[in-house]
Amino acid sequence: VYIDTGAMYRCASLYMIRNNIKLDELGRIAEMLENINIKQVKDGDIDRFYLNGEDVSDKIRSKEVNEIVSQVSHIVIVREKMVELQREMGKSANIIMEGRDIGTNVFPNAEVKIYLDASAEERANRRMKQNEEKGIDMSYEEILENIKFRDNNDKTSLVAPLKQAEDAVYVDTTNLTIDKVVDKIEEIILSKK
């Protein structure tokens, strides 16, 4: 079972936008966390994300969500709630979980840890293609600036910063096709089992 933890933070961000909850309104954020229901559902080969019963798979990739998701993920009570949900998900199945602090914070004893990386420019190119497929209008420069901002924000965070776990295998995907990345990941998993 694949779990996209970034989408969970995006759902929380979308909820905050829709309900005009500001980043410093911790009381309202705590209330939100009591009432939020996030589900990831497999629909054929596609993962769909539901926020309180509504399919928000495309909405969580919007420009508005992109602009605040990094800050939302740094709010301590939000991160604590999401980590709690992620650990719960991990109990029920053999999982592959993606996120900036999975190997260091959420599951520090995971059997296999892989740190995927790519240049900011390549990640911007990939996001640009995803956005075009989904009809999201953002320039390459906006996307690149957003990625660089999030990288800095994530690496300097006081709450579960982005860093490679000591026992994680580093994979630079900048010049790899998706098929080559999958092959590399399968090779790493098989070598660990």
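Heavy atoms only: backbone and side chains are in, while hydrogens, waters and symmetry mates are out. What you see is a predicted model, and the numbers here were worked out from it, not measured in a lab.
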> Any side-chain heavy atom of S70 within less than 4.5 Å of one from D154?
Replying inline: yes
>> With rounding to the nearest 0.5 angstrom, report the CD1 to CD1 distance, I96 to I189.
In response: 4.5 Å
> Under the side chain to side chain contact (heavy atoms under 4.5 Å, CB included) criterion, do Y115 and L162 qualify, and how do the steps go?
Replying inline: CA-CA 10 Å; Y115 188 90; L162 168 64; 3.9 Å; yes
> Between atom CD1 of I114 and atom NZ of K184, what is the distance when rounded to the nearest 0.5 Å?
Replying inline: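 The CD1 atom of I114 sits 10.0 Å away from the NZ atom of K184.
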> If Ile, Leu, Val, Met, Phe, Trp and Tyr residues are connected whenever their side-chain heavy atoms lie under 4.5 Å apart, and connections chain through other members, are I77 and V72 in the same group?
Replying inline: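 Yes: a chain of side-chain contacts under 4.5 Å links I77 to V72.
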> In terms of side-chain geometry, is the basic nitrogen of R18 or E54 positioned less than 4.0 Å from the acidic oxygen of its partner?
Replying inline: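 Yes, this pair counts.
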>> How close do R79 and V159 get, counting heavy atoms only, and between which atoms?
In response: CD-CG1, 3.4 Å
> If you measure from OG on S13 to CD on Q71, what distance do you get to the nearest 0.5 Å?
Replying inline: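 Between S13 OG and Q71 CD, I get 8.5 Å after rounding to 0.5 Å.
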> Does the side chain of I185 come within less than 4.5 Å of V171's, by heavy atoms?
Replying inline: no
> With side chains defined as the heavy atoms from C-beta onward, is the minimum distance between I29 and M16 less than 4.5 Å?
Replying inline: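 They are in side-chain contact.
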> What's the spacing between S73 OG and M8 CE if we round to 0.5 Å?
Replying inline: 12.5 Å
> What heavy-atom pair brings T174 and A118 nearest, and what distance separates the two atoms?
Replying inline: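 The pair with the smallest heavy-atom distance is OG1-CA, 3.2 Å.
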> Rounded to the nearest 0.5 Å, what separation is found between the CG atom of N125 and the CD atom of Q130?
Replying inline: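 Output value for this atom pair is 11.5 Å.
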> Quick one: hydrophobic cluster around I143, which other residues, with the 4.5 Å side-chain cut-off, linked directly or via members?
Replying inline: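 Besides I143, the cluster holds M128, I136, M138, Y140, L144, I147.
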> Between E132 and K129, does at least one N-O distance fall below 4.0 Å, as a salt bridge requires?
Replying inline: no
> What pair of heavy atoms forms the shortest contact from G90 to I95, and how long is it?
Replying inline: CA-CD1, 3.6 Å
>> Taking V112 as the starting point, is it possible to reach I3 by hopping between hydrophobic residues whose side chains are less than 4.5 Å apart?
In response: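 Looking at the clustering, V112 is in a separate group from I3.
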Which donor-acceptor pairs under 3.5 Å do the side chains of residues 33-41 make with protein atoms, sequence neighbours left out?
unit_1 : atom_1 : unit_2 : atom_2 : d
N35    : ND2    : E31    : O      : 3.0
Q40    : OE1    : D4     : N      : 3.1
Q40    : NE2    : Y2     : O      : 2.8
Q40    : NE2    : D47    : OD1    : 3.2

>> Run the side chain to side chain contact (heavy atoms under 4.5 Å, CB included) test on K63 and N146 for me, step by step, so that the C-alpha distance in whole Å, both residues' side-chain angles and the decisive distance to 0.1 Å come before the verdict.
In response: CA-CA 10 Å; K63 183 177 178 179; N146 183 268; over 6 Å; no
> Are any side-chain N or O atoms of N153 and backbone N or O atoms of F149, one a donor and one an acceptor, separated by less than 3.5 Å?
Replying inline: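 Side chain of N153 to backbone of F149: no pair is present.
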> Looking only at heavy atoms, which two atoms of G99 and T5 are closest? And how far apart?
Replying inline: CA-OG1, 3.2 Å
> Considering the options K163, E166, Q164, which one meets the side chain to side chain contact (heavy atoms under 4.5 Å, CB included) requirement together with T104?
Replying inline: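 It is K163; the other options fail the test.
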> Stepwise, does the side chain to side chain contact (heavy atoms under 4.5 Å, CB included) test hold for L51 with K59?
Replying inline: CA-CA 10 Å; L51 173 60; K59 292 177 181 82; over 6 Å; no
>> Hydrophobic cluster membership, with links at side-chain heavy-atom distances under 4.5 Å among I/L/V/M/F/W/Y: are V78 and M89 in one?
In response: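 Same hydrophobic cluster.
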>> Under a plain distance cut-off of 3.5 Å, with no hydrogens placed, do S57 and D55 share a side-chain donor-acceptor pair?
In response: yes
>> Closer than 3.5 angstrom, by distance alone: can the side chain of R28 be matched with the main-chain N or O of N20 as a donor-acceptor pair?
In response: yes
>> Let me check something: do I188 and V182 share a hydrophobic cluster, defined by ILVMFWY side-chain heavy atoms less than 4.5 Å apart, either directly or through other members?
In response: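 No, no single cluster joins them.
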>> Please find the pair of heavy atoms, one from S157 and one from R100, that lie closest to each other, and give the distance.
In response: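 Taking S157 first and R100 second, the nearest heavy atoms are OG-NH2, 3.7 Å.
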> Are V106 and R87 close enough that some pair of their side-chain heavy atoms sits under 4.5 Å apart?
Replying inline: yes
> What distance do L158 atom CG and T156 atom OG1 have between them, rounded to the nearest 0.5 Å?
Replying inline: 7.5 Å
> Among the clusters formed by ILVMFWY side chains lying less than 4.5 Å apart, do L116 and I102 turn up in the same one?
Replying inline: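 Looking at the clustering, I102 is in a separate group from L116.
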>> Donor-acceptor pair, distance only, cut-off 3.5 Å: does the side chain of S139 make one with the backbone of E142?
In response: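 Yes, the answer is positive, given that a donor and an acceptor are paired below the 3.5 Å cut-off.
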>> Donor-acceptor pair, distance only, cut-off 3.5 Å: does the side chain of E122 make one with the backbone of S119?
In response: no
>> If you compare all heavy atoms of K113 against all heavy atoms of P108, which two are closest, and at what distance to 0.1 Å?
In response: NZ-O, 2.5 Å
> What's the verdict on side chain to side chain contact (heavy atoms under 4.5 Å, CB included) for E187 and S191, showing C-alpha distance, side-chain angles and the deciding distance?
Replying inline: CA-CA 6 Å; E187 180 184 311; S191 74; 5.7 Å; no
